[in-house]
Structures are given as C-alpha cells and as structure tokens.
Amino acid sequence: MQQRLFAADSRSTREPYVILMPPPNVTDRLHMGHGLNNTLQDIYIRWQRMCGKEVCWLPGTDHAGIATQMMVEKSLQQEGITRQELGRDEFVKRCWQWKDKHGDIIVSQLQRLGASADWERQAFTMSPQLSQAVRSTFVDLYHKGLIYRGERLVNWDFALHTAISDDEVVNIEETGKLWSFAYPLDDGSGELVVATTRPETMFGDTAVAVHPDDKRYQAYIGKQVKLPLTTRTLTVIADPYVKQDFGSGCVKITPAHDFNDFDIGKRHNLPLRNIFDAQGLLNEQAPVPLQGLTRDEARTRTVQLMQDAGLLRDTVKHRLTRPYSDRSKVLIEPRLSQQWFLKMQPLVNEAVRIAQDGELCFYPPSWKKTYLHWLENIEDWCISRQLWWGHRIPVWRCADCQQYTVAKDDPTQCTHCHSQAIAQDEDVLDTWFSSWLWPFSTLGWPAVQDNSALQKFYPSQVLITGADIIFLWVARMVIAGLETIGSPPFKDVYFNSIICDHQGRKFSKTLGNGIDPLAVIEAHGADAVRYTCISLAPLGGRARLGLKDFEHGGRFINKLWNAARFLLAQPALPTKLPALSATELSVPEMWLLSEFKQTVAKIDKHLRSYRVDSMAETLYHFIWGTYCDWGVEIAKNILRQQSLPPEQILATMTYVMDGLLRLAHPMMPFISEEIWQRLPSHPDWDRPRSLVVAAFPETKQLTSFSAEELQDWHFTRRVITAIRTLRSRSALPPRNKLNVSIVVGAAAAGLRADEEWLRDLAQLDGIAWLAADAPKPVPALVQVGAGFEVYTAASHIDMPSEREKLRKEQAQLETRLQKIAGKLNNTAFCSKAPPHILQEQRDKQRLLQEQLHSVRLNLQALGED
RNA sequence: GGGCGCGUAGCUCAGCUGGUUAGAGCACCAGCCUUACAAGCUGGGGGUCUCAGGUUCGACUCCUGAUGCGCCCACCA
C-alpha cells in the first residue's frame with residue numbers, strides 16, 4: 001500500500017533526489033553488510049522525501065557472471081552433472097532460474113528491511129533494456145578504436161577456465177621457497193645459476209638474462225646455455241630489468257608465464273612457450289615424466305630431477321606474494337590468450353579532473369587519493385570472459401574474410417564481404433562491463449522514445465557503497481558517465497563501513513560467522529536492526545557487530561514505544577489539540593522545545609556530513625535522555641498536580657512526539673509510522689496520510705528560548721539530580737517521600753519559584769530553606785553542588801564513610817582549583833588567552849571555591865577525626 | 001617499497017576546525033517491580049587518552065619521530 005509513495009515521477013516539478021542501489025549479486029541471500037548499506041540509502045531517501053524532493057531510489061540486481069556461474073555449477077555438481085554435459089543453452093536457462101529465485105529472495109529481504117525503493121523501476125544487469133545499453137556501449141567504444149582484441153598475457157583462473165581482470169586478483173603474501181638452479185653453458189665452459197620460486201616454469205624458459213652492466217657476465221652475453229632436463233638451449237641476453245644484487249644476478253626468462261618476463265620477451269623478440277594445457281596440466285613442453293602433472297606436482301618433481309642431475313645449487317625460504325583469484329580462490333596463472341581489451345588511458349582525464357576540482361567528493365575524503373592513484377596508473381581492461389553466463393560479446397567473425405562484424409543488432413551477414421558464414425564470439429563480457437553503465441542504463445539509456453527519466457534522474461546525488469569496489473565499480477561508473485552522458489553520474493560517494501564479526505574478521509561462509517539479517521529482524525524487528533547497524537558503523541571504517549549488539553536497538557525501540565504508550569493512554573488526551581502558544585508554556589516545556597530544536601539542528605548537520613552514526617546517537621539521547629527521562633516526568637507532574645490544564649502539557653508532549661517521530665522515521669520507519677498513525681494530529685504539524693510523506697522538521701520553523709529564560713530551570717535540574725543522589729545514598733525506597741534542607745546562594749529566587757517542580761520531580765515531602773551561614777544540620781547526609789547544598793536526615797549515618805566521601809570531594813575540588821589557579825597565575829595565559837576563556841576560568845574558580853568552602857564546613861560539622 | 005587509516009574505561013567505539021570535571025553503549029557494583037517502560041528506574045566505581053619529543057598561555061585534539069595493528073596498491077626472479 002505504501003509502495004505507491006515510493007514511486008518516482010519523472011514528470012514531477014519537484015527537485016530530484018536520486019540514489020542508485022548498488023545491485024546485489026543474485027548469487028545468494030543478503031548479509032548484514034547489505035543490511036547496513038541499504039539502511040543508509042533508505043535513510044537518505046526517506047529524509048529527502050520528507051524534505052519535499054522527488055526522490056528516486058532505483059533498485060536492482062546484478063547477474064554477477066563469475067559468481068553466479070560458480071553457484072549454478074556447484075548446484076549441478078550435487079546433481080552429478082557438469083555444465084559441459086548440460087550444454088550452453090540449458091546451462092544459461094538454469095542460471096536464469098537461479099536468478100529468478102534469488103532475485104526474488106533479495107527483493108523480499110530488502111522490503112522486510114523497510115527499503116523504500118521504487119520497486120516498479122527494478123533493474124537487472126541482463127534485462128533486455130540493459131543488454132541494449134551494454135551492446136550500444138561496446139559498439140561505440142569499438143568504433144572509437146578503444147576496444148581491441150589481442151593475444152596477451154592475462155590472469156588465468158584454472159578453476160573457472162577464464163581470464164579475469166587485474167582488479168579481480170588478490171595478492172597474498174606467503175612463505176615459499178627460492179631454488180637456485182645451474183644452467184650449464186653450451187660450450188662446457190661453466191654454468192650460470194638462476195633463482196626461481198616456480199621451478200616448473202623452467203620448461204617455458206626462452207632465455208637467461210643478466211644486467212648489461214654486470215661485469216661478471218659480460219663475457220656470457222650472447223652465449224648459449226643448456227636448459228636442463230630438455231634438449232633445448234637458451235641465449236643469454238642483457239636487459240636492465242635484471243637486478244645485479246639479487247641472487248646470482250642471472251634470471252631465467254619465461255615470457256609466457258610471467259608478466260615481467262613477457263615484457264622482456266617482447267623487447268628481445270623471444271618466443272613464447274606455453275607449458276600448460278587447457279586444464280592447467282603440464283603439456284608436451286615438459287619432459288615426458290612431468291607431462292600431465294599439476295603445477296604443484298610438477299614443482300616437486302622438477303626440483304627432484306634437478307637435484308638428481310646435480311644441478312640444484314641452493315634452496316632457501318623466501319617471502320613472496322602470490323596472486324589468487326578473488327572469486328574461486330585458486331592460484332592465478334599468467335596465461336597467453338586471445339582476449340578483448342578496453343583502452344582505459346584515453347578515458348580517464350576527465351575522471352581525474354572532477355575529483356581534483358571537487359565536483360566529485362568522497363566521504364571519507366581520504367579515498368580521493370586512492371581513486372586518483374588508480375586512474376593515473378590505469379591499465380587496459382580485459383573485458384572478455386570465457387564463461388557462459390553473461391552478455392555475449394557482440395562481435396561476429398566471418399569465416400570467409402576473417403573480419404569482425406561489430407553490431408548492436410544481431411547481423412545476418414558480414415559487413416565486410418556480406419558472407420553469411422559468420423559466428424558470434426563465444427565469450428561473454430566482464431560483469432562490470434554492464435555494472436559500470438548502471439547510473440544511466442537503469443534510466444532507459446540508450447532508448448530515445450522516452451528519456452524523461454534520464455533527464456530527470458541523472459545524475460544521482462550520492463552513491464552509497466563499500467570502498468572495496470572503488471576501482472571495480474565506482475571509478476568505472478564515473479568514467480562511463482563522463483564518456484557516455486558527458487557528466488559525472490553522482491556528486492558524492494559515501495563509503496559505508498565493512499561489517500565484521502566481534503573479532504574484526506570479515507564475514508565469510510567458510511567461517512560461518514555471518515549474521516542473517518532476517519533472523520535478527522525476526523528477533524528484534526527491522527527498526528532495531530537498522531538502528532544498531534548505523535549507530536555502530538562509522539563512516540568508511542570497520543564495524544564490529546555481534547548478535548548481542550542488536551539488543552541495544554531492540555531496547556531503544558521498546559523505549560520509544562513505551563513513551564508513546566504513556567501519551568496515548570492519557571484519558572485527558574484530546575482528539576483536537578490546541579496550537580503551541582509561547583505565553584502558556586511552563587518553563588520545563590520551553591526547555592523541552594528548545595532541546596528539540598537543538599536536536600533537529602544537530603541531526604540536520606550530521607545527515608549532511610554523512611555522519612549517520614552521530615545522528616543515531618543524537619536522536620537516542622533526545623528520546624531517552626530528554627523526552628523520556630525529563631519530558632515524561634514533567635508531564636506526569638503537571639497531570640498529577642493539575643497545576644496547569646492537562647490539554648496544554650499533553651499538546652506539547654504530542655507536538656514533540658510528532659516531531660521526534662519525523663526525525664526518527666528515516667532511521668526507524670516501522671515503529672515511527674505505527675505510533676504516528678495513532679497520535680492525534682497537532683495543528684502545528686502537517687498531517688498527510690503517511691509519515692513517509694510528512695514534512696521533516698526544520699529549525700527555522702521551530703520555537704526555542706534564550707539561555708536566560710532557561711537558566712533557573714537548569715539550576716533546578718541540577719538540584720533535582722543532587723537530591724536523587726541523596727535519596728540513593730539514603731537507601732530509601734522511591735515511594736517514601738524525602739525531607740530535605742536546602743542551602744542556596746545567589747540562585748535562591750529561581751529555585752524557590754520552581755519549588756513545586758523540585759518537590760514533585762525529586763519526590764520530596766518537606767523542604768527547609770536554610771541560610772548560607774546557618775549551622776549545618778548534623779547528623780545528615782549532604783550533597784554539595786555548585787551554588788547549593790542539600791541535606792537529608794537518615795536513620796543511621798555511617799559517619800566515617802560520610803567523611804570519606806566529603807574528603808574525596810574536597811581533594812577533587814582542590815585539584816581542579818589548583819589547575820585553574822595555575823592558569824590564572826600564569827601571566828602569559830592572562831595576556832594571551834581570549835577574554836571569554838579568561839572569564840570562564842574566573843567564574844569557574846569562584847564557583848569551585850564556594851563549593852570547596854561548603855565541603856570544608858560540612859567536614860568540620862561532622863567533626864574531623 | 002608506496003599510499004591510507006587506527007591505537008581513548010574490561011569490551012565496542014564517540015570526542016568535528018586546540019580551552020568540557022575526556023563521553024556513550026555493553027559489562028560490573030548498590031538500591032528499587034515509583035500506575036509508559038525490569039528490554040526498566042535511581043545512583044556508583046572504572047581512563048598517566050600507545051610511547052617520546054616539539055609548537056602553544058593551553059594538546060586526547062596540531063607537527064615530528066618511535067612502536068603495535070589493520071587495509072589498499074605495486075613488486076626482486
């Protein structure tokens with residue numbers, strides 16, 4: 001029913017506010033990281049909707065090529081079949097089924113969380129519309145000469161049998177071994193020693209390199225060495241890449257299996273010798289006994305064979321970083337293959353500029369450097385994948401003329417020779433090649449018939465996502481937006497926390513330390529999950545979350561619910577409330593309203609600076625510490641005393657409750673709406689049919705009162721707190737009223753005017769007002785405050801501990817006074833510190849001196865021992 | 001090797017542009033089922049703000065160095 005309120009109207013005249021949901025992968029259900037990410041987006045969307053913007057939160061899912069294909073293959077495995085047995089068409093069909101199932105689960109999870117996205121605009125990276133965008137982009141970039149096919153060394157994943165991009169490789173530091181092998185000179189005049197961490201790659205060696213300036217090896221340059229265990233020989237070449245001080249200063253060069261060696265090979269025209277078959281097993285380049293072995297088996301055997309041949313010179317432990325596939329977690333093999341690449345260099349200039357000029361802002365700002373560093377060192381992007389699930393590359397190769405036909409619509413013939421013998425490239429595109437178009441492909445681009453959505457909702461205001469995909473997704477979206485639409489896709493990038501378990505470990509399936517958002521929603525409610533997530537998740541940091549933490553949120557929701565119940569259960573609560581009238585307000589009400597206004601100002605500030613954790617804290621303190629702890633107590637007092645008409649205070653309480661529900665709504669949409677619907681409408685607030693579209697409080701419309709007007713009340717509150725402490729120390733049950741004596745100095749008039757409040761909020765029976773110079777009531781418990789003393793008689797007073805307490809206070813006051821005196825006696829401080837700081841210290845000194853004096857007199861009255 | 005960030009109460013963290021008695025939640029202790037709330041109320045204990053210098057009248061806050069930890073990027077076979 002509320003969903004209609006979430007729909008974005010592209011023809012609206014309101015100012016747009018747009019957020020694009022980072023599309024969750026359709027691989028699996030959502031985890032708590034998604035819970036946080038989507039809560040944050042929803043907070044901003046709901047806030048801005050309440051501020052009167054035409055908001056559009058565009059939801060959707062990502063086909064996640066590699067990840068989904070892995071999941072589907074895994075499920076096939078359980079049925080005992082491989083995707084090859086199933087065939088491509090059938091396999092892709094299975095992937096669609098998987099997508100439908102998990103896409104639905106994801107949407108229902110997001111809705112349970114309260115996500116107020118425009119569900120009618122749901123997008124999917126492989127929908128017909130987005131496929132059109134992908135093709136269009138590919139074809140355009142191809143015709144601009146930016147997409148090319150080439151045989152290059154790429155990161156090869158032997159588990160998935162596909163190339164992956166540099167950004168999908170994760171390097172892990174490990175301890176391995178460094179072996180030194182002797183390669184005998186062909187003319188029998190000696191040997192060269194080379195070091196390697198990967199012995200098995202020696203069969204792909206096509207040279208040995210030394211540094212051109214290395215005196216030790218001048219004579220060897222151009223000579224031949226024998227490649228052990230084979231019949232081949234290698235030339236000794238000179239290249240400045242070689243470090244003279246590492247190992248022997250000789251390097252074996254394996255151009256087909258190492259990125260650096262590949263470059264050297266190019267410089268020296270070395271042959272590329274691939275030693276692996278498609279499965280990652282050693283091929284015929286290796287000696288017969290090693291053929292068909294895996295990399296690991298071959299390594300052990302190679303070392304053994306070299307040792308047997310008397311050519312193993314050394315084995316040492318060695319720290320090295322190895323590349324792993326981020327998805328499949330297997331060791332990456334650099335492998336020569338035909339792939340499609342996108343030239344990135346010509347595309348990045350503008351993306352760099354807008355970050356430097358502040359047209360694109362990162363929160364936290366430190367990410368700007370990381371972003372720029374990546375762009376400034378950009379490499380070509382390998383965009384083809386040897387997978388089945390994804391966007392098929394829109395390129396057809398002609399069997400007759402061997403030329404490529406690159407087209408947006410499926411061609412029937414070769415554009416070069418018109419032959420019909422054309423076949424589409426078997427590969428698919430990297431998933432990110434569709435994700436990077438998300439800011440405009442989801443809005444209908446490149447369809448021309450109706451681009452009102454694109455015009456209205458591009459660009460978006462803020463992208464809220466995890467910093468882990470800053471290169472994979474964020475930077476690339478900026479590039480695509482600038483290249484395709486001509487303007488950046490968003491203004492702000494807000495990096496949310498990474499959710500970890502209580503020990504600071506990332507959630508992972510293998511550890512089983514994840515928290516299922518739905519289970520927690522069942523236990524504590526969606527609002528509690530939302531509140532807990534954001535209050536514990538600082539901007540861009542790492543948030544440690546345990547199951548127990550959600551109790552905090554649960555308690556808060558419960559507290560709010562009870563506060564509302566108090567109000568709603570009042571028999572005197574009128575259905576028609578009077579408007580606020582400054583002249584009829586009691587001082588505590590004036591204070592409550594002022595506190596509310598301050599809260600509104602703080603929340604506005606925190607939202608604008610993306611400090612949602614601070615916003616949550618601010619609201620928590622207002623609701624719990626101000627509205628409940630004081631507001632409700634004040635209301636009870638008035639209702640009990642009948643000192644004022646009940647409608648008046650109930651109207652104020654309703655007004656503030658209505659306002660705080662508005663503040664709370666973006667964060668806690670369920671409970672706030674639930675209460676708000678039951679609340680009588682207040683004439684000073686608008687009353688639409690749902691809180692979803694109610695106005696967000698603005699400070700300029702709110703009433704507040706000056707510090708002078710509230711000064712006495714602040715003093716009274718301090719006295720009340722002191723009396724409560726006294727009561728607690730007297731161990732008297734709260735229902736027993738207390739008799740106190742009060743000594744007041746300068747603030748006497750104000751306090752005595754508030755006597756009724758004092759009496760009620762501190763649960764007093766009788767008050768005796770004492771003059772400052774009157775004898776101290778003995779024996780009695782005492783609390784000495786700034787500008788006042790309160791006493792109460794108690795049945796039995798533990799004199800030593802009472803003295804102890806006073807002495808402790810005395811010591812504390814003395815220390816503080818010493819510090820202040822230190823400052824005030826410092827001539828430099830007095831001459832250089834700003835006047836108001838100086839005055840502050842003097843005032844403080846006077847108050848503390850008075851307080852110390854009182855404490856001392858009380859100590860004397862108790863009799864020093 | 002380069003970049004970024006973090007070391008504050010037993011635990012998880014706030015503390016923004018230097019001046020507060022350094023705060024919150026959880027945990028702990030004491031007393032309370034006070035008619036909104038025991039998922040609660042009223043109090044309480046607990047911190048040489050990682051260390052060492054410096055700037056300043058004044059540093060948790062700014063600068064330098066040390067040290068421990070985390071993340072990212074690059075990489076010597």
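Note that this is a predicted model, so its numbers are computed, not measured. A, B, ... follow the sequence lines: proteins, then strands. Residue 1 opens every chain.
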- request: Using atom CG of Asn377(A) as one end and atom C1' of rG1(B) as the other, report the distance to the nearest whole Å.
  value: 14 Å
- request: Could you tell me the separation between the CG atom of Leu567(A) and the C1' atom of rA36(B), rounded to a whole number of Å?
  value: 10 Å
- request: Look through every strand shown and name the nucleotide pairing with rG68(B) as Watson-Crick or G-U wobble, where both distances are under 3.5 Å.
  value: rC6(B)
message: Strictly distance-based, threshold 3.5 Å: is any side-chain N or O of Thr235(A) a donor or acceptor partner for the main-chain N or O of Ile237(A)?
response: no
query: Atom CG of Asp613(A) to atom C1' of rG23(B): distance rounded to whole Å?
result: 14 Å
message: What I want to check is whether an N or O donor and acceptor connect the side chain of Lys559(A) with the base of rC37(B) at under 3.5 Å.
response: yes
- request: For rU42(B) and rC49(B), measure between their P atoms and round to the nearest Å.
  value: 31 Å
- prompt: Nearest to the side chain of Arg724(A) - rU42(B), rC57(B), rG45(B)?
  reply: rU42(B)
message: Measuring only the C1' atom in each nucleotide, how far is rC13(B) from rC37(B)? A whole number of Å is fine.
response: 27 Å
- prompt: Which whole number of Å gives the distance between the P atom of rA22(B) and that of rG31(B)?
  reply: 29 Å
- prompt: How close or far is atom C1' of rC4(B) from atom CG of Asp468(A), stated in whole angstroms?
  reply: 15 Å
Salt bridge flag under 4.0 Å for residues Glu840(A) and Arg842(A): no
C1' gap between rG45(B) and rC6(B), integer Å: 29 Å
- request: Verify the contact: side-chain N or O of Arg611(A) to OP1 or OP2 of rG15(B), cut-off strictly under 4.0 Å; return yes or no.
  value: yes
message: I'd like to know if Lys808(A) and Glu804(A) make a salt bridge, using a cut-off of under 4.0 Å between side-chain N and carboxylate O.
response: no
field: Distance in angstrom units between Arg544(A) CZ and rG70(B) P, rounded
entry: 11 Å
query: Does Ala828(A) or Ser614(A) map to a spot on RNA chain B nearer the 5' end, using the closest nucleotide for each?
result: Ser614(A)
query: Between Arg611(A) and Asp613(A), does at least one N-O distance fall below 4.0 Å, as a salt bridge requires?
result: yes
task: Sticking with atom C1', work out how far rG40(B) lies from rC33(B), rounded to a whole angstrom.
output: 9 Å
message: Expressed as a whole number of angstroms, how long is the span from Gln570(A):CD to rU35(B):C1'?
response: 10 Å
- prompt: According to the Watson-Crick and G-U wobble definitions, with both distances under 3.5 Å, which nucleotide is paired to rU48(B)?
  reply: none
- prompt: Can we call the ring centroids of Phe556(A) and Tyr531(A) under 6.0 Å apart?
  reply: yes
